Amino acid sequence: MDRQTISVKEAAVYIGVSKDLIYELVRESKIPHLKLNRRILFRIGCLNDWLTTQEKLSVQQDNNLY
């Protein structure tokens, strides 16, 4: 069975940002995550959906500038 979750470090690499930014997004509840005791985990499918949504929002914001 393939892993369904990844760590903060793996999520940062996967998305291409720093771990600090991931922690900030988690603190602000801006990225889908789950907490198991003190561990923060991310479901890969949820991250992909979130990235797609962020991309659409970015395009909409860019279109509103013109």
Side-chain angles (χ1 to χ4, degrees):
M1 182 160 107
D2 292 333
R3 284 178 55 198
Q4 297 296 309
T5 59
I6 58 176
S7 67
V8 169
K9 181 179 178 180
E10 291 167 322
V13 170
Y14 186 74
I15 295 173
V17 298
S18 70
K19 287 192 323 184
D20 290 339
L21 180 56
I22 295 292
Y23 282 119
E24 181 180 332
L25 293 170
V26 167
R27 265 193 312 278
E28 296 173 358
S29 296
K30 292 185 177 180
I31 190 170
H33 65 281
L34 59 111
K35 291 184 181 179
L36 296 175
N37 293 329
R38 297 189 64 185
R39 292 200 61 189
I40 299 169
L41 299 172
F42 302 89
R43 288 184 31 210
I44 296 169
C46 289
L47 282 181
N48 288 333
D49 293 344
W50 179 78
L51 286 168
T52 299
T53 300
Q54 296 307 305
E55 184 176 38
K56 288 177 183 176
L57 290 172
S58 293
V59 169
Q60 287 174 355
Q61 288 175 352
D62 288 346
N63 288 338
N64 289 337
L65 293 176
Y66 302 108

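Since the structure is predicted, the reported quantities are computational estimates derived from the model, not experimental observations.
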Are Ile15 and Val13 co-members of a hydrophobic cluster defined by side-chain heavy atoms under 4.5 Å apart?
no

Sort and list the pairs that fulfil salt bridge (Lys or Arg N to Asp or Glu O under 4.0 Å) and have at least one residue in residues 49-61, not counting sequence neighbours.
none

According to a hydrophobic-cluster definition based on side-chain heavy atoms being under 4.5 Å apart (Ile, Leu, Val, Met, Phe, Trp, Tyr only), do Leu41 and Ile31 belong together?
no

Take Leu57 and Gln54 through the side-chain contact (heavy atoms from CB on, under 4.5 Å) test and state the conclusion after the steps.
CA-CA 5 Å; Leu57 290 172; Gln54 296 307 305; 4.2 Å; yes

Quick test of your reading: applying salt bridge (Lys or Arg N to Asp or Glu O under 4.0 Å), list the pairs with at least one residue in residues 16-28, sequence neighbours left out, ordered by first then second residue.
Glu28-Lys30

Of all the heavy-atom pairs spanning Pro32 and Cys46, show the shortest one and how long it is.
CG-O, 3.8 Å

Same hydrophobic cluster for Ile44 and Leu34, using side-chain heavy-atom links shorter than 4.5 Å among ILVMFWY?
no

Kindly determine whether Ile6 and Leu47 satisfy side-chain contact (heavy atoms from CB on, under 4.5 Å), including the steps that lead there.
CA-CA 10 Å; Ile6 58 176; Leu47 282 181; 3.7 Å; yes

Can you establish whether the number of heavy atoms outside Gln4 located under 6.0 Å from its atom CD is more than 12?
no

Who pairs with Ile40 by side chain to side chain contact (heavy atoms under 4.5 Å, CB included), at least two apart in sequence or on another chain?
Val8, Tyr23, Val26, His33, Lys35, Phe42

